[in-house]
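Below you'll find the structure, written out as structure tokens, and then a few comments.
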Amino acid sequence: MSTTSPQAPRHGQAHWLGEGIDYAWAWGLQRDLLEERVAGERQDTLLLMGHAPVYTAGRRSVPEDVLAQLPAPLVETDRGGQTTYHGPGQLVGYPIVSLTELGLGPKRYVEAVESALIAALAEYGVAAHREEGLTGVWTRSGKIAAIGVKVSRGVTMHGFALNVATDLRAYEVIVPCGIGDRPVTSLAALVGSAPDLKEAAYVAAKALGASLGISWQVG
């Protein structure tokens, strides 16, 4: 369900950046694009990628989130949420969009992202849902997508991480998003196979566009 009024869709740009992308580089790119969006120098933009292995700690992270020595770097970041993992087989999306122009507050924006991921997973036959009081997207077998955002001057950065074919063992050394009593899962674990990450990126982009009322030009 779109969260915007039934008008002609807004236009934006979506970019597939590839796999193995360095987290710090992508974070810097987001900051640059946010400044351009705030200044009105670019349209709403969606960055899609897979990261090289990395753990990230959001603003609410605590040291107890790390349970053992990490097999990849840990980066303290300025998004919301706690500690999570990014790596091969995981689709990461960073929407740089103007909530002011969309007429959305942060809560409704996060709900729109959740709705989009639920719709994208339905395309692969996976029933997903929200959990009351928790951020992200869930299945009967566990959490399949994490969401952590930052809003600066009405424009978003950071975004979502969807486990497509992620090695779930990477989560064993952390308390994922501060939730220690529920498992994580992936599309591959649920259906026995997984689409190419780039294909999943386009499915997610289409669903996010429908949820936000943005027509992406994909490049």
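For the single chain, residues carry numbers from 1 onward in sequence order.
- The cluster map of Ile, Leu, Val, Met, Phe, Trp and Tyr, joined by side-chain heavy atoms under 4.5 Å apart, puts L208 and V126 in the same cluster.
- Nearest approach of T84 to A146, heavy atoms of both residues: OG1-CB, 4.5 Å.
- Rounding to the nearest 0.5 Å gives a distance of 3.5 Å between OG1 of T77 and NE2 of H158.
- Looking at L47 and Q30, their side chains come closer than 4.5 Å, going by heavy atoms from C-beta outward.
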Donor-acceptor pairs are to be reported for all side-chain atoms of residues 160-177 against protein atoms at under 3.5 Å, with residues two or more places apart or in another chain.
{"residue": "N163", "atom": "OD1", "partner": "Q90", "partner atom": "NE2", "Å": "3.0"}
{"residue": "N163", "atom": "OD1", "partner": "T166", "partner atom": "OG1", "Å": "3.0"}
{"residue": "N163", "atom": "OD1", "partner": "Y171", "partner atom": "OH", "Å": "3.1"}
{"residue": "N163", "atom": "ND2", "partner": "Y171", "partner atom": "OH", "Å": "3.3"}
{"residue": "N163", "atom": "ND2", "partner": "T185", "partner atom": "O", "Å": "3.1"}
{"residue": "T166", "atom": "OG1", "partner": "G89", "partner atom": "O", "Å": "3.4"}
{"residue": "D167", "atom": "OD1", "partner": "R169", "partner atom": "N", "Å": "3.1"}
{"residue": "D167", "atom": "OD1", "partner": "R169", "partner atom": "NE", "Å": "3.0"}
{"residue": "D167", "atom": "OD2", "partner": "R169", "partner atom": "NE", "Å": "3.4"}
{"residue": "D167", "atom": "OD2", "partner": "R169", "partner atom": "NH2", "Å": "2.9"}
{"residue": "Y171", "atom": "OH", "partner": "Q90", "partner atom": "NE2", "Å": "3.2"}

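- Under the 4.5 Å side-chain criterion, counting only non-hydrogen atoms from C-beta, L212 is in contact with L104.
- L91 and V110 fall within the same hydrophobic cluster, where Ile, Leu, Val, Met, Phe, Trp and Tyr residues are linked whenever their side-chain heavy atoms come under 4.5 Å apart, directly or through other members.
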Query raised in the report: Passes side-chain contact (heavy atoms from CB on, under 4.5 Å), I147 versus E114? Steps please.
Result: CA-CA 8 Å; I147 297 172; E114 291 170 337; 3.4 Å; yes
Query - Test side-chain contact (heavy atoms from CB on, under 4.5 Å) applied to V92 and Y23, step by step - result: CA-CA 10 Å; V92 175; Y23 183 84; over 6 Å; no
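- Between G178 and Q82, the shortest heavy-atom contact is CA-NE2, 3.6 Å.
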Report task. Starting from the C-alpha separation in whole Å, work towards a yes-or-no answer on side-chain contact (heavy atoms from CB on, under 4.5 Å) for V151 and L99. Result -> CA-CA 8 Å; V151 181; L99 296 190; 4.0 Å; yes
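- Side-chain atoms of Q13 and R42, non-hydrogen and from C-beta on, do get closer than 4.5 Å to each other.
- Remark: R140 engages no residue in a salt bridge (Lys or Arg N to Asp or Glu O under 4.0 Å) (not counting sequence neighbours).
- Counting only distance, with no hydrogens or angles, the side chain of W216 and the backbone of A205 share a donor-acceptor pair below 3.5 Å.
- With respect to E35 and R153, a salt bridge is recorded, a charged nitrogen being found less than 4.0 Å from a carboxylate O.
- The structure places CG of D78 at 5.0 Å from CH2 of W27, a figure rounded to the nearest 0.5 Å.
- Using a 4.0 Å cut-off between charged nitrogen and carboxylate oxygen, E131 and K143 do not count as a salt-bridge pair.
- Among all heavy-atom pairs drawn from A120 and A204, the shortest one is CB-CA, 4.1 Å.
- At least one side-chain heavy atom of H11 sits under 4.5 Å from a side-chain heavy atom of Q43.
- P73 and P53 get closest at one heavy-atom pair: CD-O, 3.7 Å.
- Closest heavy-atom contact between A128 and I118: O-CG2, 3.5 Å.
- Using a 4.5 Å heavy-atom threshold, the side chains of V137 and R130 count as separate.
- Taking 4.5 Å as the limit, every side-chain heavy atom of P183 sits out of range of all side-chain heavy atoms of S141.
- Both I96 and M49 are assigned to one and the same hydrophobic cluster, defined by single-linkage of ILVMFWY side chains at heavy-atom distances under 4.5 Å.
- Between the CZ atom in R31 and the CD atom in E36 there is a gap of 13.5 Å [rounded to 0.5 Å].
- Criterion: ILVMFWY side-chain heavy atoms under 4.5 Å apart, direct or through other members. Under it, V149 and Y85 are not part of a common hydrophobic cluster.
- Residues L102 and V97 form a side-chain contact, since some pair of their non-hydrogen atoms from C-beta on lies under 4.5 Å apart.
- The line from CG of L29 to CG of D22 is 11.5 Å long, rounded to the nearest 0.5 Å.
- Atom-to-atom distance recorded for E111:CD and T135:OG1 is 9.5 Å, nearest 0.5 angstrom.
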Query raised in the report: Does the side-chain contact (heavy atoms from CB on, under 4.5 Å) test come out yes or no for W16 and V218, once each step is laid out?
Result: CA-CA 8 Å; W16 168 250; V218 180; 6.0 Å; no
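- R182 forms a cation-pi arrangement with W138, by the criterion of a distance under 6.0 Å to the ring centre and an angle within 45° of the ring axis.
- The main-chain N or O of E101 is found under 3.5 Å from a side-chain atom of S98 such that the two form a donor-acceptor pair.
- A 6.0 Å sphere centred on CD of E41 holds more than 12 heavy atoms belonging to other residues, nucleotides or ligands.
- Heavy-atom minimum distance, P195 versus L187: CD-CD2, 3.4 Å.
- Linking ILVMFWY residues whenever their side-chain heavy atoms come closer than 4.5 Å, directly or via other members, leaves L134 and V184 in distinct clusters.
- A 4.5 Å side-chain heavy-atom check between L17 and L48 finds every atom pair outside the cut-off.
- When the options T156, D44, D32 are evaluated for a side-chain hydrogen bond (donor to acceptor under 3.5 Å, both in side chains) with R37, the one that passes is D44.
- The distance from the OG1 atom of T83 to the CG atom of D65 is 4.0 Å, given to the nearest 0.5 Å.
- Among residues at least two apart or in separate chains, side chain to side chain donor-acceptor pair (under 3.5 Å) pairs with a member in residues 46-59 are H51-Y94, T56-R79.
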